[in-house]
Amino acid sequence: MKEDFIAYLWKHWLIKARPLRTISGEELEIISPGRENYNAGPDFLAAMIRIDGTLWAGNVEIHVHSSQWFLHKHHTDKAYENIILHVVYIVDKIVCDEKGKPFQHLEVMGCFDPSLMNNYDVLLRSRQWIACEKLINLHDPFILKHWLYRLVIMRLERKSQEVYHYLRYFEYHQEKTLLFLLSRSLGGKANATAFGLLLQRVPYPVIVKNHDHLFALEALLFGQAGMLQRIFTDDYPQQLQKEYNYIKKKYTLPPILNNEIWKYSRMRPSNFPDLRIAQLAKIMHKCEAQLYRRVVNANNPTDIQHQFVQSASDYWTTHYRLDKEAGTQKKTIGQHAVNNIIINAVVPLLFVHAKESRGLKTTDSAIGLLEQLPAENNNIIRRWRQIIHSVDNASITQGLLELRKYYCLPKKCLKCMVGHQVLGGNRGS
């Protein structure tokens, strides 16, 4: 028995004995289970119950055994002084308030449908990729669709906190914040941190002053990335070194990054950081320091995608890395990478922009943008496709990524709408 399961029974009105009585024999009616508390203090706030005709409003604490009150040291915490009910699986010790008066206790053992506990045990013991893998399609698909929509909002709310953090760091400079998020997205998982650090080492005014000079932007980025600190044989990187030395003296740039920060192992050449830096320089060059305005004012995904579908300069037609020649191919940021930029950089920023625009835009517009983008294609989503079939846009895939990471992996089935259906708890809702 887990405390979370007792809280689940309480939250969803699944304690079914009639009449319900406290351990002292008084008749108990649950008017409202209250609001689940995710912070310190009692488990449920602002609950309403009626005991022998008297209405009580206040907080409720949940335990498996009533003696856990002392194990958790609630008797020393004033936040627990005024609870109106102690809900437990088994009362093994009477708990009293600071004046020695016993709290009202509700013992729930034998007061709920045992199939709920049996189904929960099945989920907890499951060794499948997700606990409900063989059961999820047996239930109303609308429940999953609605739950994924809510999960997308949760995901964007969480990501918006990261955006606010970066906005504060860059003193609410929206353009540089977008470039920072864009750079991290271009870096992928392997080089996201390195690209973020690079943008912190590149003064934005220097970008603006050189936005119409692509070669200068390339020299600025490669130099600050620490990639020009060696002897080259190709003319292009040699010229980059000269240009960078001039820019460094002219603008008194911050210290460069350690070149060893960049990762290449087990990576497709199209994702090598050298090439991505060259493509980032091209985006900076083409957007003319107006990328944020163009993205916010875009009317559809195509307008946004157009900002990022850029080809690196001619040198990169035959290179993926500095001074290492490869086959001839024009190096344009692929559609898959562009969509990842929109999903991971643009949409969270648009979500924040909508929250701050005082009704001029809605957060639904950010979610609508996800709905117009194709579904992501990665190992997790490919596995999801083997379980469910309607995976047809980025809003769904973002919801599935959130579901997998924050509910399926930690087995928070009791907090999941699909888990609620699988358990059979909807019968009591």
Legend entry - Distance-only donor-acceptor check, side chains Asn271 and Arg276, under 3.5 Å: yes

Inset, instruction - Using the side-chain hydrogen bond (donor to acceptor under 3.5 Å, both in side chains) rule, take Ser185 and Asn340 through it: C-alpha gap first, then chi angles, then the decisive distance, then the call. - result: CA-CA 7 Å; Ser185 183; Asn340 280 340; over 6 Å; no

Inset, instruction - Dump the intermediate steps for side chain to side chain contact (heavy atoms under 4.5 Å, CB included) on Leu182 and Leu280, then the final yes or no. - result: CA-CA 9 Å; Leu182 158 66; Leu280 176 61; 4.0 Å; yes

Legend entry - Lys415 NZ to Glu36 CD distance, which is reported to the nearest 0.5 Å: 3.5 Å

Legend entry - Shortest non-hydrogen contact from Asp303 toward Ala298: CB-CB, 3.8 Å

Inset, instruction - Can you see which heavy atom on Leu400 is nearest to which on Ile388, and at what distance? - result: CD2-CD1, 3.7 Å

Legend entry - Pair Tyr172-Glu356, side-chain donor/acceptor within less than 3.5 Å: no

Legend entry - Taking every non-hydrogen atom, the tightest pair across Leu217 and Ile207: CD2-O, 3.9 Å

Legend entry - Short side-chain donor-acceptor distance under 3.5 Å, His75 and Tyr80: no

Inset, instruction - Check the pair Ile90, Val64 against side chain to side chain contact (heavy atoms under 4.5 Å, CB included), reporting the backbone distance first and the verdict last. - result: CA-CA 6 Å; Ile90 297 175; Val64 176; over 6 Å; no

Inset, instruction - Run through Asp323, Asn259, Leu198 and flag the one making a side chain to side chain contact (heavy atoms under 4.5 Å, CB included) with Met227. - result: Asn259

Inset, instruction - Using a strict 4.0 Å threshold on nitrogen-to-oxygen distance, state whether Glu162 and Lys159 make a salt bridge. - result: no

Inset, instruction - Taking the side chain as every heavy atom from C-beta outward, state whether Phe70 and Val95 have any pair of such atoms under 4.5 Å apart. - result: yes

Legend entry - Within 6.0 Å of NZ in Lys286, more than 12 heavy atoms from elsewhere: no

Legend entry - Nearest-0.5 Å distance, OH of residue Tyr406 to NZ of residue Lys412: 10.0 Å

Inset, instruction - Kindly indicate whether the side chain of Tyr8, heavy atoms from C-beta on, has any atom under 4.5 Å from the side chain of Leu423. - result: yes

Inset, instruction - Verify side chain to side chain contact (heavy atoms under 4.5 Å, CB included) between Glu218 and Lys282, making sure each step is shown before the conclusion. - result: CA-CA 8 Å; Glu218 291 174 332; Lys282 188 64 171 291; over 6 Å; no

Inset, instruction - Please report the shortest heavy-atom distance between Gly399 and Leu148, naming the atom on each side. - result: C-CD2, 3.6 Å

Inset, instruction - Report yes if some heavy atom in the side chain of Leu179 is under 4.5 Å from a heavy atom in the side chain of Leu291; otherwise report no. - result: yes

Pairs of donor and acceptor atoms involving the side chains of residues 40-48, under 3.5 Å and at least two apart or interchain, shall be tabulated with distances.
residue : atom : partner : partner atom : Å
Asp43   : OD2  : Ile62   : N            : 2.8

Inset, instruction - Taking all non-hydrogen atoms of both residues into account, name the closest pair between Cys413 and Ala131 and its distance. - result: SG-CB, 4.3 Å

Inset, instruction - Could you go through the side chain to side chain contact (heavy atoms under 4.5 Å, CB included) check for Ile84 and Gln104 one step at a time? - result: CA-CA 7 Å; Ile84 59 173; Gln104 293 285 5; over 6 Å; no

Expected list for residues 326-334: side-chain donor-acceptor pairs under 3.5 angstrom, two or more places apart:
residue : atom : partner : partner atom : Å
Gln329  : OE1  : Tyr320  : OH           : 3.3
Lys331  : NZ   : Trp316  : O            : 2.7
Lys331  : NZ   : Thr317  : O            : 3.0
Lys331  : NZ   : Gln329  : O            : 2.9
Thr332  : OG1  : Ser311  : OG           : 2.4

Inset, instruction - Would you tell me whether Tyr292 and His353 have side-chain atoms, one donor and one acceptor, within less than 3.5 Å of each other? - result: yes

Inset, instruction - Answer yes or no: are there more than 12 heavy-atom neighbours, outside Trp56 itself, under 6.0 Å from its atom CH2? - result: no

Inset, instruction - Flag the pair Val422 / Ile136 as yes when at least one side-chain heavy-atom distance between them is below 4.5 Å, and no otherwise. - result: no

Inset, instruction - Give, for atom CG of Leu373 and atom CD1 of Ile396, the distance between the pair rounded to the nearest 0.5 Å. - result: 12.5 Å

Legend entry - salt_bridge(Arg21, Glu29) N-O dist < 4.0 Å: no

Inset, instruction - Check whether any side-chain heavy atom of Thr363 lies under 4.5 Å from a side-chain heavy atom of Lys355, and answer yes or no. - result: yes

Legend entry - Pair Asp234, His319: side-chain N/O donor-acceptor within cut-off below 3.5 Å: yes

Inset, instruction - Report the residues that fulfil ring pair (Phe, Tyr, Trp, His ring centres under 6.0 Å) with His72, sequence neighbours left out, ordered by chain and then residue number. - result: His63, His74

Legend entry - Atom pair CD1 (Ile277) and CG (Asn191), whose distance is rounded to the nearest 0.5 Å: 8.5 Å

Inset, instruction - Hey, could you give me the CG/CZ distance between Leu240 and Phe215, rounded to the nearest 0.5 Å? - result: 4.0 Å

Inset, instruction - Could you tell me which residues satisfy side chain to side chain donor-acceptor pair (under 3.5 Å) with Glu371, sequence neighbours excluded, listed by chain and number? - result: none

Legend entry - Phe222 side chain reached by Asp274 side chain, heavy atoms, under 4.5 Å: yes

Inset, instruction - Examine distances only and state if a side-chain atom of Trp384 and a backbone atom of Thr397 form a donor-acceptor pair shorter than 3.5 Å. - result: no

Inset, instruction - Evaluate whether atom CD of Glu260 has more than 12 neighbouring non-hydrogen atoms of other residues, nucleotides or ligands under 6.0 angstrom away. - result: no

Inset, instruction - Just do the side-chain hydrogen bond (donor to acceptor under 3.5 Å, both in side chains) check on Asn339 and Glu376 with the steps written out, would you? - result: CA-CA 8 Å; Asn339 288 338; Glu376 296 159 271; over 6 Å; no

Legend entry - Smallest separation among heavy atoms of Ala219 and Glu243, with atom names: CB-CG, 3.5 Å

Legend entry - Side-chain donor-acceptor contact under 3.5 Å, Gln290 with Glu175: no

Inset, instruction - With sequence neighbours left out, write down each residue that passes ring pair (Phe, Tyr, Trp, His ring centres under 6.0 Å) with Tyr264, or none if nothing qualifies. - result: Phe272

Legend entry - Aromatic ring proximity His12/His420, centre distance under 6.0 Å: yes

Inset, instruction - Indicate yes or no: at least one non-hydrogen side-chain atom of Arg201 is less than 4.5 angstrom from one of Pro255. - result: yes

Legend entry - Rounded distance [0.5 Å steps], CZ in Phe195 versus CG in Leu181: 14.0 Å

Legend entry - Selection residues 382-409 - residue pairs positive for salt bridge (charged side-chain N to carboxylate O under 4.0 Å, His left out), sequence neighbours left out: Glu133-Arg383, Arg155-Glu402, Arg158-Glu402

Inset, instruction - Mind telling me whether Phe112 and Tyr89 have parallel, tilted or perpendicular rings, with 30° and 60° as the class edges? - result: tilted

Legend entry - Flag side-chain contact, heavy atom, 4.5 Å: Tyr244 against Gln224: yes

